[in-house]
Amino acid sequence: MTSHSTYYDELETRAPEAREGALMARLPGLIAHAIGDAPGWARLLAGVDPNQVTSRKALARLPVLRKSDLKALQEAAPPFGELTTIVPGRMGHVYMSPGPIFDAEGTGSDPWRTARALWAAGMRPGHVIQNCFGYHLTPGAWMVDLAARHIGCAVIPAGIGQTEQQLEVIRMLKPDAYVGTPSFLRIMIEKSRELGADISNLKRALVAAEALPPSLRQWFKDQGVQTVLQWYGTADLGLVAYESEALEGMILDEDLILEIVRPGTGEPVADGEVGEIVITSFNQTYPMIRFGTGDLSAVLPGPSPCGRTNVRIRGWMGRADQTTKVRGMFVQPGQVAQVLLRHPQIKRARLVITGEMANDAMALHCEWDGAPPAGLSEALIESIRDLTKLRGDVAFVPVGSLPNDGKVIEDARKYE
């Protein structure tokens, strides 16, 4: 990186084919490292020959490790489910996120790779950053702190709350940028107006952990914060994707392989279709191979107008875990996927739960062109009962009529 460059490094503008080739070339080594140095990965990937995993097709045959699995794995083999390659005493920081789930940090100067997002938001060596993520136990604030210092910025470890004190810090230290949630930035701006505090030096912000609707981004601009960009990450992976000033989707980090899969399965969906974000991360301390984040998104076509050539996603679009209780029984996306595996002629479907409290009904809405073949409806109903232990109906709907929102189970019940 150079301080005058638009891009953090040359990786961001390389040809997509070169990036894909480099990632696939590194993949066997990552899998061999995980299997060889992390007993948990050796168990999860038992029987896998790393040298055979050199393509996306081969990667898609490996199991998905979902975030929802981590708690049980960590309880069985504390503290990290034996998924790390070094012992806790050799790590940088060790965190605890809600769940509780314990998170491991490597020892590099930017172990979460968040510097790339800060750079895209215009932060440069010599800038002062007011970091308003929480520093207590969880890694969000530290992802920013370490990355900012790696770039050459000074960090004010402000954390959350104490609004008036934070405004005094801004008045005296004149930070160049805010990093934190959009809601707390709004609280601080509104408080500054109420108190007549001058925070006009804050010209840019990098926000995460909450939605940033266009109306709120415009409101920030109207208050003088000219650049407000978002980044998306998780406590297990670090940075996943980030916005550039082009404001057209979020650009994938360079050290990851992204798949979008049908919720409840490991099956990749077509580009543009909404599904669960699954990430393979080349983290040598805490490798993640097909890690299901539980978050929904979709791939955008083409490169960003800003010149960065990596894959773009639409940003966070909800949660993939749509487990729903019907007549006292849990129905999961994976069960819906199993129904469709039995009936591969059905390409798209969703289970719709309707009715009022204590009077649940469910129907599998299946896209079909024209009249369905005789017996298909009855066979689907039988599969639903067999796999969910519940009675369900089948409704055939026109091809293309189901929304592209990643939902496998839709809870349309009325609770009033």
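- Comment: Arg413 engages Asp360 in a salt bridge, judged by a side-chain N to carboxylate O separation of less than 4.0 angstrom.
- Taking 4.0 Å as the cut-off between side-chain N and carboxylate O, Asp176 and Lys203 do not count as a salt-bridged pair.
- With hydrogens and angles disregarded, no donor-acceptor distance shorter than 3.5 Å links the side chain of Asp369 to the backbone of Val399.
- Nearest heavy-atom pair across Arg124 and Ser5 is NH2-O, 3.2 Å.
- Between the side chain of Arg113 and the main chain of Gly238, no donor-acceptor pair closer than 3.5 Å is present.
- In terms of the side-chain hydrogen bond (donor to acceptor under 3.5 Å, both in side chains) criterion, Asn283 has no residue partners (sequence neighbours excluded).
- Considering CD1 of Ile260 and CZ of Arg314, their distance stands at 10.5 Å, rounded to 0.5 Å.
- Contact annotation: the side chain of Asp253 never approaches that of Val240 to less than 4.5 Å [non-hydrogen atoms, C-beta and beyond].
- In Lys221, the NZ atom is not crowded: 12 or fewer heavy atoms of neighbouring residues, nucleotides or ligands sit closer than 6.0 Å.
- Heavy-atom contacts from other residues, nucleotides or ligands closer than 6.0 Å to CD of Glu382 number 12 or fewer.
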Can you give each donor-acceptor pair under 3.5 Å made by side-chain atoms of residues 68-79, sequence neighbours left out, with the distance rounded to 0.1 Å?
{"from": "Asp69", "atom 1": "OD2", "to": "Arg66", "atom 2": "N", "distance (Å)": "3.1"}
{"from": "Lys71", "atom 1": "NZ", "to": "Glu75", "atom 2": "OE2", "distance (Å)": "2.6"}
{"from": "Gln74", "atom 1": "OE1", "to": "Phe102", "atom 2": "N", "distance (Å)": "2.8"}
{"from": "Gln74", "atom 1": "NE2", "to": "Phe102", "atom 2": "O", "distance (Å)": "2.9"}

Trace of the salt bridge (Lys or Arg N to Asp or Glu O under 4.0 Å) decision for Arg116 with Glu12 = CA-CA 9 Å; Arg116 198 175 295 281; Glu12 294 182 352; 2.8 Å; yes
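- Side-chain N or O atoms of His343 include none that pairs as donor or acceptor with a backbone N or O of Leu340 at under 3.5 Å.
- Below 30°, between 30° and 60°, or above 60°: for Tyr178 and Phe184 the angle between ring planes is between 30° and 60°, a tilted geometry.
- For the atom pair CD of Glu267 and CD of Glu276, the computed distance is 13.0 Å after rounding to the nearest 0.5 Å.
- Between Trp316 and Tyr232, the ring centre distance reaches or exceeds 6.0 Å.
- Taking the salt bridge (charged side-chain N to carboxylate O under 4.0 Å, His left out) definition, one finds that Arg312 meets it with Glu248, sequence neighbours left out.
- Salt-bridge check for Glu367 with Lys347: failed, with every basic side-chain N at 4.0 Å or more from each acidic carboxylate O.
- Between Gly108 and Pro111 the shortest heavy-atom distance is O-CD, 3.2 Å.
- Rounded to the nearest 0.5 angstrom, Phe396 CZ and Leu376 CG are separated by 4.0 Å.
- When atom types are taken as modelled, the side chain of Ser304 and the backbone of Gly307 share no donor-acceptor pair closer than 3.5 angstrom.
- Judged as a side-chain contact (heavy atoms from CB on, under 4.5 Å), and not counting sequence neighbours, the contacts of Arg14 are Leu11, Arg19, Ala22, Glu254.
- Annotation: the span from Thr324 atom OG1 to Leu351 atom CG amounts to 8.0 Å, rounded to 0.5 Å.
- Judged as a salt bridge (charged side-chain N to carboxylate O under 4.0 Å, His left out), and not counting sequence neighbours, the contacts of Arg56 are Glu20.
- Legend: residues meeting side-chain hydrogen bond (donor to acceptor under 3.5 Å, both in side chains) with Glu105, ordered by chain and number and at least two apart, are His93, Tyr95, Trp112.
- Residues satisfying the side-chain contact (heavy atoms from CB on, under 4.5 Å) criterion with Ser183, sequence neighbours excluded, are Thr181, Glu210.
- Evaluation of the salt bridge (charged side-chain N to carboxylate O under 4.0 Å, His left out) rule for Arg186 yields Glu190 as partners, not counting sequence neighbours.
- A donor-acceptor pair under 3.5 Å is absent between the side-chain atoms of Glu259 and the main chain of Val278, judged by distance alone.
- Although no hydrogens or angles enter the test, the distance criterion places a donor-acceptor pair under 3.5 Å between the side chain of Arg350 and the main chain of Pro403.
- Donor-acceptor pairing under 3.5 Å is recorded for the side chains of Asp103 and Ser97.
- Contacts of Asp255 classified as salt bridge (charged side-chain N to carboxylate O under 4.0 Å, His left out), with partners at least two apart in sequence or in another chain: Arg26.
- Sorted by first then second residue, the side chain to side chain donor-acceptor pair (under 3.5 Å) pairs that include residues 34-44, not counting sequence neighbours, are His33-Asp37, Arg43-Glu82.
- Asn310 places a side-chain N or O within donor-acceptor distance of the main-chain N or O of Leu252, the cut-off being under 3.5 Å.
- Leu380 CG to Arg385 CZ: the interatomic distance, rounded to the nearest 0.5 Å, is 14.5 Å.
- Applying the salt bridge (charged side-chain N to carboxylate O under 4.0 Å, His left out) test to residues at least two apart or on different chains, the pairs with a partner in residues 139-152 are Asp145-Arg149.
- Applying the side chain to side chain donor-acceptor pair (under 3.5 Å) test to pairs two or more places apart or on separate chains, those with a residue in residues 386-398 are Arg342-Asp386.
- Looking at every heavy atom in both residues, Ala158 comes nearest to Tyr135 through N-CE1, 4.3 Å.
- When every heavy atom of Pro139 is checked against every heavy atom of Ala235, the shortest pair comes out as CG-CB, 3.7 Å.
- Gln166 places a side-chain N or O within 3.5 Å of a backbone atom of Gly161 that can act as its donor or acceptor partner.
- The two atoms that bring Cys306 and Ile251 nearest to each other are SG-CD1, 3.9 Å, heavy atoms only.
- Proximity of a side-chain donor or acceptor of Ser401 to a complementary backbone N or O of Val397 within less than 3.5 Å is not detected.
- Between Ile279 atom CD1 and Thr234 atom OG1 the span is 8.5 Å, to the nearest 0.5 Å.
- Taking both residues in full, the closest heavy atoms of Ala246 and Pro305 are given as CB-CD, 4.1 Å, listed atom of the first, atom of the second, then distance.
- Counting only distance, with no hydrogens or angles, the side chain of Asn201 and the backbone of Pro175 share a donor-acceptor pair below 3.5 Å.
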